[in-house]
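In what follows, a single structure is set out as structure tokens and then discussed.
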Amino acid sequence: MKTWQKLCVAVACVVVPSGCSESSKNPCDGATCSNHGTCEVISGGAVCNCEPGYVTHWSTYCVPEHPPGVCNKGNWCWQNPLPTGNDLTDVWVSEEGEVFVVGACGTILHRGSESWLELVSVTEYGFSGVWGADSADVWAVGSNGVIFHWNGSNWTNEESWTSEHLRDVWGVASDDLWAVGHDSDYDSGFILHRDGVAWSKYESTPLELDPLRGIWGSASDDVWAVGNEGYEHGAILHWDGSSWASAHSAGAAILPGIWGTASDDVWAVGWFFEADPYIRSVDIILHWDGSAWTEVPTDSENDLEAVFALDSTHAWAVGYFGTTLHWDGSAWLRWPSGNSGKLLGVSGLASNDAWTVGENGSLLHWDGISWSEMQYDWAAGVYDIWGHADDAPDGTTSVDVWAVGYGIYHWDGETWMDMEVEDAGGLSGIWGLALKAPDGTTNLNIWAVGRRGAVFHWDGTGWSCISDVTREVLNDVWGVAPDDVWAVGEEGAILHWDGEVWSDVVSPTNTSLTGVWGASSDDIWAVGGGYMAGGAVVHWDGSNWESFEDGVLPWVESIWGSASDDVWAVGPLGIIHWDGKTWSTEERWNKWYLHGVWGTTANDVWAAGAGVVIHWDGNSWSAVSEGACVELDGIWVMDDDIWVFGAGGSIIHHRR
């Protein structure tokens with residue numbers, strides 16, 4: 001058995017190999033708080049106290065106060081990033097300056113002339129397009145044929161004849177609206193029309209419609225729709241007031257975006273293929289001058305998704321890799337957005353007031369000089385959460401929730417704060433104990449583990465690290481007492497902390513272990529596995545670790561139990577349960593593709609995975625909320641509070 005050196009007394013230690021480094025620098029050195037606050041050291045980290053109207057961002061920056069997180073109908077609310085991490089697909093700005101943004105999982109953001117008015121998710125289906133006649137008459141369309149209408153006070157669901165994908169909407173008024181879309185296989189398209197009473201499929205056309213993605217018009221007898229037919233040609237259709245007709249074929253192009261300013265000034269954007277139809281090539285920008293469509297040069301190769309034109313000398317086109325192109329009346333020029341993701345929608349009110357939106361909740365505003373992010377996040381990645389609620393002698397309740405990933409973050413019941421712990425990136429597991437002191441106060445004893453054998457410890461006042469523990473990646477940590485803590489990781493690594501030293505314990509498997517939990521000091525489980533290896537389940541009986549049907553059970557990643565005879569493990573390929581005697585497969589190749597599990601009692605168990613949260617009520621598993629349209633890596637449950645977390649630093653909170 002190999003042992004490793006004791007806990008370091010400083011916040012940082014020597015880098016061999018855990019990644020801790022030595023530093024005695026004042027954390028506030030160089031922190032300007034964006035000239036809108038003052039810096040102070042809290043728990044060893046730099047934190048800005050921001051002036052009114054500003055909030056702390058990444059601990060050492062003060063940014064304008066941002067909107068609260070989007071909440072869906074089930075009261076699952078975003079805490080990071082804000083206002084949402086769901087993909088945003090389209091934006092429309094009214095003449096009154098109100099901004100309407102739509103996106104995945106029924107997300108709708110609404111901003112008044114000066115502030116965000118409401119942030120809601122009205123349906124489980126994603127939206128693709130939004131347009132309005134004015135700020136009290138706005139339409140949003142999306143998957144499964146959903147159509148929602150805003151009347152200035154409420155969003156209401158409108159019936160449509162289809163359950164296929166609606167991609168865009170435009171109209172002259174509420175009695176003359178058009179929507180376009182395509183089937184789930186992108187084989188054919190369709191056009192819907194609203195006459196003021198109801199939506200119906202427009203049948204009076206001789207065309208066999210291609211999949212349609214965008215629509216815009218200058219008048220009731222001048223409407224354009226764009227799309228594509230496979231990889232063969234880009235489709236442009238025109239409505240003259242009596243019928244739809246094919247107006248232009250744009251080569252091997254995909255055309256998702258169209259907008260204009262007049263009947264003789266219309267832009268269509270997309271991308272086309274040069275040789276291999278499965279490799280995207282260069283962007284295409286087309287212009288209609290009233291007589292013909294012509295291609296306008298651009299040096300962009302990042303796939304344009306949307307276009308918006310204010311007048312003949314001001315237009316924006318946006319696309320992949322944060323691409324923003326500006327038309328100044330003579331040429332399309334690149335303009336840095338500061339964003340590297342897919343930008344999917346763009347709209348504006350003036351030359352100094354435009355908006356673009358995109359994947360992972362990207363929300364940017366143009367002020368006439370530069371693009372600036374209106375989305376705020378404090379973490380680039382979150383991989384595990386642990387928390388504790390404590391009832392103090394004075395009757396108050398304190399909440400401590402900790403998250404690890406690209407750093408170590410703390411929730412005090414009101415705000416999240418980056419603890420700015422040096423070299424604490426790449427952490428994947430966290431666990432703690434709440435220890436009562438003689439005076440009735442509670443001290444937290446917390447461990448975090450991760451890449452290159454990194455191990456960090458919180459003693460109630462600050463974070464410190466242990467160096468030279470192991471060279472293996474550690475994935476999870478759990479313990480029974482301050483002197484009985486276990487960590488598991490890659491290649492079947494198992495380590496134990498006895499209060500003095502970490503020991504390398506003989507493991508019965510070489511398969512990667514990703515979760516650990518126990519009912520007592522002599523009843524501890526660790527799980528893991530992989531696609532090819534199957535599931536790895538190992539058990540500690542107080543003396544030895546032994547393997548349980550290694551490779552036979554489905555691959556699982558996370559484990560939790562309410563007692564020694566009620567243990568759950570979930571993973572991408574199944575859900576398994578231990579009843580005290582045997583492991584049984586509750587569901588193999590489960591439809592939810594799960595990554596994390598936690599609970600409070602035998603009848604209250606929660607699991608999260610690929611955009612879904614499910615619940616065990618003692619009898620069956622059922623989907624509770626879509627939670628988010630992002631990959632969820634795990635879940636933490638504490639009394640009536642539930643946190644799910646995952647891709648892009650996503651954290652979503654539910655209070656039941």
Side-chain angles (χ1 to χ4, degrees), residues 74 76 79 382-389 399-405 409 411 427-434 444 446-449 475-480 485-488 513-519 523-528 537 556-572 574-578 586-587 590 592-618 620-625 627-628 631-646 650-656:
W76 292 82
Q79 289 188 338
V382 173
Y383 301 122
D384 202 9
I385 285 182
W386 177 87
H388 171 73
V399 176
D400 282 288
V401 181
W402 298 83
V404 295
Y409 316 102
W411 168 263
L427 299 176
S428 53
I430 187 169
W431 168 87
L433 271 177
L444 299 181
I446 308 173
W447 294 91
V449 300
N475 296 318
D476 200 16
V477 60
W478 182 88
V480 182
V485 183
W486 295 89
V488 299
L513 298 173
T514 52
V516 59
W517 175 90
D523 184 14
I524 299 171
W525 296 93
V527 298
V537 178
V556 289
E557 293 183 349
S558 180
I559 186 169
W560 177 87
S562 67
S564 59
D565 59 355
D566 181 35
V567 185
W568 292 94
V570 304
I575 302 174
I576 60 176
H577 181 257
W578 173 258
E586 297 295 311
E587 185 167 349
N590 72 85
W592 292 304
Y593 205 91
L594 303 169
H595 297 295
V597 62
W598 206 261
T600 62
T601 67
N603 299 326
D604 185 35
V605 188
W606 298 78
V612 68
V613 178
I614 65 174
H615 181 249
W616 172 262
D617 61 6
S620 62
W621 288 96
S622 60
V624 174
S625 170
E631 189 79 8
L632 298 174
D633 294 324
I635 189 166
W636 173 261
V637 185
M638 184 175 65
D639 298 328
D640 290 331
D641 291 285
I642 303 166
W643 281 269
V644 291
F645 50 91
S650 300
I651 293 186
I652 302 167
H653 175 249
H654 175 66
R655 178 74 177 176
R656 51 179 173 171

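Please read these numbers as outputs of a predicted model, since none were measured by experiment.
Counting heavy atoms from C-beta on, the side chains of R656 and D604 come closer than 4.5 Å. Considering only heavy atoms from C-beta on, W517 stays 4.5 Å or farther from D476 through its side chain. Contact check for V485 versus V449: no side-chain heavy atoms found under the 4.5 Å cut-off. Taking the side chain as every heavy atom from C-beta outward, L427 and Y383 never approach each other to under 4.5 Å.
A donor-acceptor pair shorter than 3.5 Å can be found between the side chains of Q79 and W643.
Between H595 and Y593, the ring-plane angle classifies as perpendicular under the 30° and 60° cut-offs. Note on ring orientation: taking the six-membered ring where Trp is involved, the planes of H615 and W606 are tilted (angle from 30° to 60°).
To the nearest 0.5 angstrom, W431 atom CH2 is 7.0 Å from W478 atom CH2. Here CH2 of W525 is found 14.0 Å from CH2 of W486. Values are rounded to the nearest 0.5 Å. Atoms CZ and OH, on F645 and Y409 in that order, are 13.0 Å from each other to the nearest 0.5 Å. Atom CH2 of W578 sits about 10.0 Å away from atom CG of D565, to the nearest 0.5 Å. Considering CD1 of I642 and CZ of R655, their distance stands at 10.0 Å, rounded to 0.5 Å.
A side-chain donor-acceptor contact under 3.5 Å links S558 to the backbone of V597. A donor-acceptor distance shorter than 3.5 angstrom exists from the side chain of D384 to the backbone of I430, with no hydrogens or angles considered. Checking side-chain atoms of W592 against main-chain N and O of V613 turns up no donor-acceptor pair under 3.5 Å. Remark: the backbone N or O of H388 is not paired with any side-chain donor or acceptor of D400 at under 3.5 angstrom.
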Q: Start with the C-alpha gap between I575 and I614, add the side-chain angles, then the distance that decides, and say whether side chain to side chain contact (heavy atoms under 4.5 Å, CB included) holds.
A: CA-CA 12 Å; I575 302 174; I614 65 174; 4.3 Å; yes
Q.
Please evaluate residues N475 and L513 with respect to the criterion side chain to side chain contact (heavy atoms under 4.5 Å, CB included), reporting the C-alpha separation (whole Å), side-chain torsions for both, the decisive distance (0.1 Å), and the verdict.
A. CA-CA 7 Å; N475 296 318; L513 298 173; 5.8 Å; no
Q: Please test W402 against W386 for ring pair (Phe, Tyr, Trp, His ring centres under 6.0 Å), starting from the C-alpha separation and ending with a verdict.
A: CA-CA 5 Å; W402 298 83; W386 177 87; 8.2 Å; no
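Between D639 and A389 the shortest heavy-atom distance is OD2-CB, 4.2 Å. Considering all non-hydrogen atoms of both residues, A569 and V527 come closest at CB-CG1, 4.3 Å. The two atoms that bring D633 and G646 nearest to each other are OD2-CA, 3.5 Å, heavy atoms only. Among all heavy-atom pairs drawn from N603 and G618, the shortest one is OD1-CA, 3.3 Å. Here the closest non-hydrogen pair linking W76 and V644 is CZ3-CG1, 4.1 Å. Contact record, A623 with V612: CB-CG2, 4.3 Å, taken as the closest heavy-atom pair.
Of the candidates V399, I651, D641, W411 forms a side-chain contact (heavy atoms from CB on, under 4.5 Å) with just one, namely V399.
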